[in-house]
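Labels below follow one simple rule: chain letters A, B, ... track the order of the sequence lines, proteins then strands, and each chain is numbered from 1. Side chains included, hydrogens not; waters and symmetry mates left out as well; all remaining heavy atoms used.
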Amino acid sequence: MPELPEVETIRRSLEEKLKGKTFVGVEVFLDKMLKGANPEDFGTEISGRKINGIERRGKYLIIHLAGGVAMVIHLRMTGQLLYCSPEQEKAKHTHVIFHLNDKCQLRFADQRQFGKIQLVQTKELENLAGIKNLGVEPFSDAFTREFLKKEMRNRRTKIKPLLLDQTFVAGIGNIYADEALFLARINPERVAATLSPREVSQLHLAIREVLLSGIENKGTSIKDYVDGNGNPGTNQDKLKVYGRDGQPCAKCGRAVEKKSIGGRSSHYCPRCQKL
DNA sequence: CGTCGCTCCTGGATGC
DNA sequence: TGCATCCAGGAGCGAC
């Protein structure tokens, strides 16, 4: 579910509430959400630790704790992190509740149970599988059109699956990949290496633009996504192609099509995004 | 190494 | 209404 803009929105909303607070205890209702630790050790390890800040890398959230410990969280498809009062009714699929020293709670809910929470030593963060192999951050200085050109030169895969490859560029998911390709007027089935320099430049700009819009609109709430306070975003109203199959293209009026590419649903305008 | 298909889950939509 | 099937915003894994 959450892609870079959603994870960034959650990061901002939670940092505001959690920074400087201390974890005082944990309740775990579904052990498998914790990766590499049993609930007892997990609780012991974080209890008494102050929250120094929250970082995002790709679609990962990293809660930095005092004493050189980091909690790495991935929400996958349906994960949610909610800061709320203890009186708030416990939502279905709430698998972990963190108790804070302000009496409030941080709750982790995940309908499909794909999400993961993992504790690591901060100095081991760079070696963590998943983090270690993340590609370039789309808003970093390293993400240039020259970088894209160079990286795509020898890639024989289709551009859509490449955009979803987190070891290539970090943070893009199915919604923003479709939106970026539409904005750049590139068909999702184009072989990456065959894009012209002009097309690569357009794609570079389009990726940043759709992700930035997503953040400014506080995320895309289609089904489950809400921020750390339970508030939905508004970016779903701005989507040009994702989920709009059968509806007219905003640019040319032709019906948007939906097709499975690399095992993922892809939405595009057959006239604006010719093969 | 790059690429592909399968898999982990629940539940909403769709079809018969 | 009931039941079966398909599909969903992600990514790790094994196979080739």
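In this structure, I261(A) atom CD1 and dG5(B) atom P are separated by 13 Å, rounded to whole Å. With rounding to whole Å, D165(A) atom CG is found 8 Å from dT3(B) atom P. Atom-to-atom, CD of Q80(A) to C1' of dA8(C) comes out at 15 Å; the value is rounded to the nearest Å. Distance I222(A) CD1 to dG12(B) C1': 14 Å, rounded to the nearest Å. Note: CD (Q111(A)) to P (dA13(B)) measures 12 Å, nearest angstrom. Atom CG in L75(A) sits roughly 11 Å away from atom P in dG10(C) (whole-Å rounding). Here dC9(B) presents its C1' atom at 13 Å from CG of D224(A), a figure rounded to the nearest Å. The nearest whole Å value for the distance from the CE atom in M33(A) to the P atom in dA11(C) is 14 Å.
Between T157(A) and dC4(B) there is a side-chain N or O to OP1 or OP2 distance below 4.0 Å. Between T78(A) and dC9(B), a side-chain N or O to OP1/OP2 separation shorter than 4.0 Å is absent. Taking only side-chain nitrogens and oxygens, R264(A) comes nearer than 4.0 Å to OP1 or OP2 of dG10(C). Remark: K32(A) is in phosphate contact with dC9(B), judged by side-chain N or O atoms under 4.0 Å from OP1 or OP2. Contact annotation: H74(A) does not reach the phosphate of dG10(C) (side-chain N/O to OP1 or OP2, under 4.0 Å). Contact check, Q166(A) against dA11(C): a side-chain N or O comes under 4.0 Å of OP1 or OP2. Put simply, K158(A) has no side-chain N or O that comes within less than 4.0 Å of OP1 or OP2 on dT3(B). Contact between the side-chain N/O atoms of K258(A) and the OP1/OP2 oxygens of dA8(C) is found at a separation under 4.0 Å.
Among the atoms of the strands shown, none is found under 4.0 Å from any heavy atom of K35(A). In this structure, G263(A) reaches neither bases nor backbone, as no heavy-atom distance under 4.0 Å exists between it and the strands shown. Here Q113(A) lies in heavy-atom contact (under 4.0 Å) with sugar-phosphate atoms only. Y60(A) comes within contact range of the sugar-phosphate backbone alone, with a heavy-atom separation under 4.0 Å but no base atom that close.
At a threshold of 4.0 Å, the pair E55(A)-R57(A) counts as salt-bridged, since one of the basic side-chain nitrogens sits closer than that to a carboxylate oxygen.
Using a 4.5 Å heavy-atom threshold, the side chains of R190(A) and L275(A) count as touching. Proximity of E6(A) to L75(A): side-chain heavy atoms (C-beta onward) are nowhere separated by under 4.5 Å. Taking the side chain as every heavy atom from C-beta outward, D31(A) and N38(A) never approach each other to under 4.5 Å.
Across all strands shown, dG2(C) forms a Watson-Crick or G-U wobble pair, both distances under 3.5 Å, with dC16(B).
Taken to the nearest 0.5 Å, the NZ atom of K218(A) stands 10.5 Å off from the CD atom of E8(A).
Both G130(A) and N174(A) sit near DNA chain C, but only N174(A) has its closest nucleotide nearer the 5' end. Where L164(A) and R112(A) meet DNA chain C, the nucleotide closest to each residue was compared, and R112(A) sits on the side nearer the 5' end.
A stacked arrangement is assigned to F114(A) and the six-membered base ring of dC8(B), with a centre-to-centre distance below 5.5 Å and an interplanar angle below 30°.
Partner E15(A) forms a salt bridge (charged side-chain N to carboxylate O under 4.0 Å, His left out) with one of R12(A), K17(A), R11(A) and no other, that one being R11(A).
Across the P atoms, dA11(C) and dG11(B) are found 22 Å apart, a figure rounded to whole Å.
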